[in-house]
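Everything below concerns the one structure shown next.
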Amino acid sequence: MSDYILISKASESCDKTVTLKGWISNLRSSGKISFIELRDGSGFIQVVAAKNDLDEASIAVAGELTLESAISVTGVIVKHPKKEGVYEMQATSLELIHKTDNYPIGRKEHGPDFLLQHRHLWLRSKKQWAIQRIRDTAVYAIITFLKENAFTRIDSPIITSTACEDTTSLFEFEYFDVGTGYLSQSGQMYLEAALAAHGRVYDFGPVFRAEKSKTRKHLTEFWMMDAEMAFFEHEQNMQIQEQLVMYVIDQVLTQNAEELEILERDTSKLSGIKAPFIRKTHSEIVAILRERGSEITEETDLGAKDEEILSEIFDQPIFIDRWPAKIKAFYMKRCPDNPTFSLASDLMATEGYGELIGGSERECDADVLLKYMGENKVPVEDFEWYLDARRYGSVPHSGFGIGLERLVSWLSGIDHIRETIPFPRTIYRYTP
Ligand code: 4AD
Ligand code: MG
């Protein structure tokens, strides 16, 4: 028996006989020779199966092969005759693990509905594989960065009894006979509590928004990393976000060159990104946008068109800060010189990918927070536990939440966010 290895390790076995196992992602045959593109999740390799090199049983198998059949193949790893750094296998024996007939996804173009209906199979396609690999790198990079910066992971609950963001986008359900339960929109408030135990904390998990948004940037279930830092003020909050984003970009560029190539991503757009990012106030952005025909006002959020306009002007991410308090969450600290504005910052990606991060300094005075809660009609009795963080050892603190799918869209150059999560949930779809 020869050694079974992963395709990603094939180069280490050059000129040796090894066994690979995987699925056939592409196939062409010229009678005497079959060219099999084999994938095993770790990578892709071309297997050249020439009749002359195969035993009788393997020749029969070669004649039966179909797209997405699973096989085990033994042969010699050799350098590709023309392509530098590429390896292929010259097969000596083929074994069928599972034969696939009539694989629904073919080489012809399929519409998005068909592909989403077959998401469980579509995940196997090369581009979809590449996107999930980038997602995996991004997650690992975020967690590594946080670990290196003294953060403790605190898993916040998914079932909650209060709203974190606006109450209009809550998924509600009956929680036994105790009351109404909600699916978490963000773990932020729980992190604010845990911060007094651990200083710097984060969570990373699925969050839910019942918003009726039909845009290419909205999901009803998505993954968010919320971070919360004691003794961080507004400017430090933006700095750490910037460092995090730079670290993730660097990791994806170095670890996912093959994936980015599969996706035909213009990597110069990512490698050209430099910290510090651009910083503009909401009011400055409004002026820039209105000059270019936008109908945005001093009291409204940016629309998709606005994000596009900005990306035509700037090729660097932009922190938009000093937001009108009216259109931001009640827990945000206000600007010391003018309390009608919040010390909030949204980080806009380049190329029209929109808002990646939402964050702010938090109001840390219980009385002031109570006043904002009153103005925002927040039911104080449900938030007593949240107020306790301001009653016992309250400190200045800030935090932010990064949407994983928005980040992966941007890094991968994928326009629709639904391709960046394995099984997307939108207002139209929760299956497969
Ligand atoms: O700006 P948001 O709503 O901020 C919060 O929830 C804060 N509590 C986070 C915090 O400070 N800890 O959401 C944060 C990010 C957005 O910037 C965006 O990237 C993403 O989450 N996001 C969505 N992604 C996909 N689909 C949606 N419907 C999203 N809504 C927000
Ligand atoms: Mg936001």
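Bear in mind that the values here come from a model prediction, so they are computed numbers and not experimental data. Order of appearance sets the numbers: ligands from 1, and atoms from 1 within every ligand.
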For this session: Would you mind listing which atoms of ligand 1 come within a distance below 4.0 Å of any non-hydrogen atom of D226?
Result: 9 (C), 10 (C), 12 (N)
Exercise. Distance-only, no hydrogens or angles: does the T100 side chain make a donor-acceptor pair with backbone N or O of E68 under 3.5 Å?
Worked result: yes
For this session: Indicate yes or no for a side-chain donor-acceptor contact from D226 to the backbone of G187 under 3.5 Å, with no hydrogens or angles considered.
Result: yes
Exercise. Is a side-chain N or O of D306 found less than 3.5 angstrom from the main chain of G303, in a donor-acceptor match?
Worked result: yes
For this session: Could you see which bit of R406 sits under 4.0 Å from ligand 1, with heavy atoms only: side chain, backbone, both or neither?
Result: side chain
Problem set entry | Pi-cation contact, Y372 with R334 (under 6.0 Å, within 45°) | yes
Problem set entry | Numbered atoms of ligand 1 (with element) below 4.0 Å of K217, judged on heavy atoms | 25 (C), 26 (N)
For this session: Taking the six-membered ring of F44 (Phe, Tyr or Trp), confirm whether the NZ or CZ of R39 is under 6.0 Å from its centre and within 45° of its axis.
Result: no
Problem set entry | Main-chain N/O of L219 paired with R418 side-chain donor or acceptor, under 3.5 Å | no
Exercise. Can you list the atoms of ligand 1 that are under 4.0 Å from a heavy atom of I357?
Worked result: 17 (O)
Exercise. Can you name the closest pair of heavy atoms from K21 and L38 and give their distance?
Worked result: C-CD2, 4.4 Å
Exercise. How about F171: does its CZ atom have over 12 heavy atoms from other parts shown lying under 6.0 Å from it?
Worked result: yes
Exercise. Of the protein's non-hydrogen atoms, which lies at the shortest distance from atom 16 (C) of ligand 1, and what is that distance?
Worked result: E355 OE2, 3.3 Å
Exercise. Considering only the protein, which heavy-atom contact is closest to atom 15 (C) of ligand 1, and what is its distance?
Worked result: G401 O, 3.6 Å
Problem set entry | Identity of the nearest option to atom 3 (O) of ligand 1, non-hydrogen atoms only, from E192, R209, M332 | R209
For this session: Check each atom of ligand 1 against the heavy atoms of R362 and keep those under 4.0 Å away; list them by number with element.
Result: 10 (C), 11 (O), 12 (N)
Exercise. So is there a nitrogen or oxygen of A227 less than 3.5 Å from a nitrogen or oxygen in ligand 1?
Worked result: no
Seminar exercise, completed: In ligand 1, the atoms that come under 4.0 Å of a heavy atom of G403 are 15 (C), 19 (O), 20 (C), 21 (O)
Exercise. Which atoms of ligand 1 sit under 4.0 Å from any heavy atom of Y331?
Worked result: 7 (C), 8 (N)
For this session: Report yes if some N/O of E211 lies less than 3.5 Å from some N/O of ligand 1; otherwise report no.
Result: yes
For this session: Indicate whether any N or O donor in one side chain lies under 3.5 Å from an N or O acceptor in the other, for R119 and Q128.
Result: yes
Exercise. Does any N, O or S atom in E355 come within less than 2.8 Å of the Mg ion (ligand 2)?
Worked result: yes
Problem set entry | Shortest protein contact, atom 19 (O) of ligand 1 (heavy atom only) | L356 O, 2.8 Å
Exercise. Hey, does the Lys NZ or Arg CZ of R425 hover above the aromatic six-ring of Y428, less than 6.0 Å from the centre and inside 45° of the axis?
Worked result: no
Exercise. N/O of S186 under 3.5 Å from N/O of ligand 1, yes or no?
Worked result: yes
Problem set entry | side-chain contact (heavy atoms from CB on, under 4.5 Å) partner of I417, the single match among R216, R406, H218 | R406
Seminar exercise, completed: The atoms of ligand 1 lying under 4.0 Å from a heavy atom of M224, numbered in the order shown, are 6 (O), 13 (O), 14 (C), 15 (C), 21 (O)
Exercise. Purely on distance, is any nitrogen or oxygen of L219 under 3.5 Å from one on ligand 1?
Worked result: yes
Exercise. Does F222, backbone or side chain, put an N or O under 3.5 Å from an N or O of ligand 1?
Worked result: no
For this session: Taking E307 for its side chain and Y353 for its backbone only, find out whether a donor-acceptor pair lies under 3.5 Å.
Result: no
For this session: Determine whether the side chain, the backbone, both or neither of H218 has a heavy atom under 4.0 Å from any heavy atom of ligand 1.
Result: both
Problem set entry | Those atoms of ligand 1 less than 4.0 Å from some heavy atom in I417 | 25 (C)
